[in-house]
Amino acid sequence: MSQMKSIMSMMELSSIACFCIFLAFLINLVIKFVLPSSVAERKRLPLPPGSLGWPYIGETFQLYSQNPNVFFASKQKRYGSIFKTHILGCPCVMISSSESAKFVLVTKSNLFKPTFPASKERMLGKQAIFFHQGEYHYRLRKLVLRAFTPDAIWNRVSDIESIALDCLGSMEGRVINTYQEMKTYSFNVALLSIFGKDEVLYREDLKRCYYVLEEGYNSMPINMPGTLFHKSMKARRELAGILSKIISRRRRRRRNSSSSSSSSSSDLLGSFMDLREGLSDEQIADNVIGVIFAARDTSASVLTWCLKFLSEYPSDLQAVTEEQEAIIRKKGKEAKRRLDWTDTRQMPLTSRVIQETLRVASILSFTFREAVEDVEHQGYLIPKGWKVLPLFRNIHHSPENFPEPHKFDPSRFEVAPKPNTFLPFGSGAHSCPGSELAKLEILVLLHHLTTKYRQAVCTTNFRLRQRSKHMLWSMMSSENGIQYGPFALPLNGLPIRLSLRTQHQ
Ligand code: HEM
């Protein structure tokens with residue numbers, strides 16, 4: 001009997017053992033095929049090198065207590081082109097090679113989504129293009145691109161020119177903050193491309209609200225009466241109200257007009273209001289505000305840097321002035337005629353100055369993405385949920401991509417840069433749809449600035465120093481600084497004074 005029992009228990013034991021082996025096999029299968037492979041990957045792949053700093057605070061303080069570009073450059077020097085850090089409460093992987101930027105922004109862009117703090121989404125509007133991926137993003141992007149292709153903007157040159165002349169005229173003879181004036185210019189150009197010629201009707205109302213909204217953009221997101229954020233959110237609501245009226249007015253006008261192809265249909269509002277697209281008023285308003293946001297400070301910063309570099313490199317200034325004067329001469333008797341698209345295509349040297357300014361200043365030093373799943377890159381793990389920052393500035397300042405990177409040398413663009421090394425307008429599905437408009441507005445302003453004005457850069461005590469036949473400015477070394485907020489800018493927004501050139505200058 002006892003023998004029987006022991007035989008039974010041995011049989012039980014062996015079947016338990018078999019069951020255990022089977023279970024282990026099953027678990028293995030589940031780990032391998034059913035659970036996301038990333039769990040296994042997580043065990044095998046190391047995180048990129050670098051430091052995560054203090055708990056929660058991470059390295060935020062190190063980043064913001066100095067020039068952020070020094071932070072990025074020193075990290076790159078220490079750890080190489082991919083490294084980890086922890087800023088603003090988020091673990092991040094920073095990448096500074098053109099290959100990695102292509103990986104994140106283009107070839108594997110489906111593994112990375114755009115990411116912004118929730119407060120920024122509330123201010124600009126949740127439905128704005130920047131925050132989306134997939135079908136909705138694709139639809140919006142098509143509509144935005146349609147309004148900013150060369151075909152859509154070629155006939156806007158003389159309107160942009162009027163805005164440039166107004167802007168320069170208002171700057172004449174007084175000490176101005178270049179950046180602030182350029183912001184007015186780029187704001188007005190943005191409104192022109194959004195609302196067409198109607199923009200003058202809405203300019204003042206939109207300006208009043210948008211300027212308040214913008215003040216709160218970098219404020220603490222505390223929505224209590226009295227805070228900047230609260231005022232901004234109030235202005236945001238008012239702005240949406242104004243936009244809703246503009247949309248209704250446009251709709252009425254369309255209904256009343258026999259043809260829907262009025263001249264204004266080529267503007268961005270017309271594109272968004274395309275009936276086949278079926279965008280709601282809220283979606284249109286969020287995206288109009290988003291485009292103003294994307295268009296304004298960026299173009300204004302680049303223009304401010306252009307003026308600074310031209311002041312520091314008199315031979316480039318002279319070459320640009322001569323190129324622009326040649327355009328006036330070529331028009332001959334038509335000199336009084338407005339600039340047109342063809343003229344703006346004949347400014348290669350000025351265009352190279354703009355390209356070099358975009359490279360050296362790299363006003364958007366980086367962008368943000370977030371890994372939507374565990375991603376393997378260059379033998380490292382980028383864990384799901386981590387932020388990924390392609391560092392445009394490091395790519396633009398790499399001696400391998402641009403020899404003597406700190407030298408301002410527009411002639412380097414006589415030869416096209418290596419692929420994926422020049423990314424002032426980003427790359428891939430979220431790259432800048434407004435790049436053609438941005439370049440156009442800069443060319444038009446530089447045309448009039450160099451051919452009509454002399455400039456002097458002001459020191460803090462507003463003494464002016466001028467040199468060279470054409471101008472220009474020289475600056476006290478102590479003022480030759482850069483401020484960050486959030487774009488890199490010449491210190492104090494580059495104070496200058498403009499005066500009309502005399503015949504002999
Ligand atoms: C020199 C001026 C400008 C620079 C340097 C610039 C740069 C950029 C960059 C780097 C991006 C991509 C950001 C990313 O990948 O996360 C971007 C996106 C964008 N830009 Fe620009 N931009 C400029 C002017 C403009 C203008 C004038 C407009 C509109 C008229 C505009 C509209 C946009 C929009 C709507 C996006 C988002 C695109 C998307 O998410 O699909 N930008 N810009």
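Computed from a predicted model, the values in this text were never measured in an experiment. Each residue takes its place number in the sequence, starting with 1. Just follow the structure's listing: the first ligand is 1, and inside any ligand the first atom is 1.
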**Prompt:** Short list, please: which atoms of ligand 1 are under 4.0 Å from a heavy atom of Pro424?
**Reply:** 5 (C), 7 (C), 10 (C)
**Request:** Indicate, as side chain, backbone, both or neither, the part of Ser299 found under 4.0 angstrom from ligand 1 when only non-hydrogen atoms are considered.
**Result:** both
**Summary of ring-ring contact (aromatic ring centres under 6.0 Å, His included) pairs that have at least one residue in residues 353-376, sequence neighbours excluded** = Phe72-Phe366, Phe366-Phe368
**Message:** Pairs of nitrogen or oxygen atoms closer than 3.5 Å, one from Arg141 and one from ligand 1: do any exist?
**Reply:** yes
**Prompt:** Between Ser411 and Asp409, does any side-chain donor sit less than 3.5 Å from a side-chain acceptor?
**Reply:** yes
**Message:** Quick check on contacts: which atoms of ligand 1 are under 4.0 angstrom from a heavy atom of Leu437?
**Reply:** 30 (C)
**Request:** Name the closest protein heavy atom to atom 14 (C) of ligand 1, giving the residue it belongs to and the distance to 0.1 Å.
**Result:** Thr367 OG1, 3.4 Å
**Request:** Report yes or no: does Ser186 have a heavy atom closer than 4.0 Å to ligand 1?
**Result:** no
**Message:** Students should be able to answer this: which protein heavy-atom is nearest to atom 39 (C) of ligand 1, and at what distance?
**Reply:** His430 ND1, 3.4 Å
**Greater than 12 external heavy atoms within 6.0 Å of Glu400's CD** = no
**Message:** I'd like to know if Asp281 pairs up with Arg251 as an ion pair, taking the criterion as any Lys NZ or Arg NE/NH1/NH2 lying under 4.0 Å from an Asp or Glu carboxylate oxygen.
**Reply:** yes
**Donor-acceptor under 3.5 Å (Lys84 side chain, Val93 main chain)** = no
**Prompt:** N/O of Arg369 under 3.5 Å from N/O of ligand 1, yes or no?
**Reply:** yes
**Request:** Check ligand 1 against Phe130 and write out every atom of the ligand that is under 4.0 Å from a heavy-atom position of the residue.
**Result:** 36 (C), 37 (C), 40 (O)
**Asked** Which residue owns the protein heavy atom closest to atom 30 (C) of ligand 1, what's the atom, and how far is it?
**Response** Phe148 CZ, 3.4 Å
**Item:** Interfacing atoms of ligand 1 (cut-off 4.0 Å, heavy-atom, Val302)
**Value:** 1 (C)
**Message:** Check for me whether the distance between the ring centres of Phe422 and His396 falls short of 6.0 Å.
**Reply:** yes
**Asked** Restricting to pairs with a member in residues 79-111, which pass ring-ring contact (aromatic ring centres under 6.0 Å, His included), not counting sequence neighbours?
**Response** Phe103-His377
**Message:** Below 4.0 Å from ligand 1: does a non-hydrogen atom of His137 turn up there or not?
**Reply:** yes
**Message:** Any carboxylate oxygen within less than 4.0 angstrom of a Lys/Arg side-chain nitrogen, looking at Arg412 and Glu404?
**Reply:** no
**Asked** Is the count of non-hydrogen atoms from other residues, nucleotides or ligands lying under 6.0 Å from Lys207 atom NZ greater than 12?
**Response** yes
**Asked** So, is the end of the Arg156 side chain (NZ or CZ) under 6.0 Å from the ring centre of Trp154 and within 45° of the ring's axis?
**Response** no
**Prompt:** Can a salt bridge be assigned to the pair Asp274 and Arg146 using a cut-off of 4.0 Å between side-chain N and carboxylate O?
**Reply:** yes
**Item:** Proximity to ligand 1 by part of Ala429, non-hydrogen separation under 4.0 Å
**Value:** backbone
Give every donor-acceptor pair under 3.5 Å between a side-chain atom in residues 116-133 and any protein atom, sequence neighbours left out.
| from | atom 1 | to | atom 2 | distance (Å) |
| --- | --- | --- | --- | --- |
| Lys120 | NZ | Tyr217 | O | 3.2 |
| His132 | NE2 | Lys126 | O | 2.7 |
| Gln133 | NE2 | Phe112 | O | 3.1 |

**Distance filter under 4.0 Å to Leu364 heavy atoms, resulting ligand 1 atoms** = 7 (C), 8 (C), 9 (C), 10 (C)
**Prompt:** Among His448, Lys452, His447, which residue meets the side chain to side chain donor-acceptor pair (under 3.5 Å) test with Gln324?
**Reply:** His447
**Request:** For atom 21 (Fe) of ligand 1, report each protein N, O or S atom nearer than 2.8 Å, sorted by chain and then by residue number.
**Result:** Cys432 SG
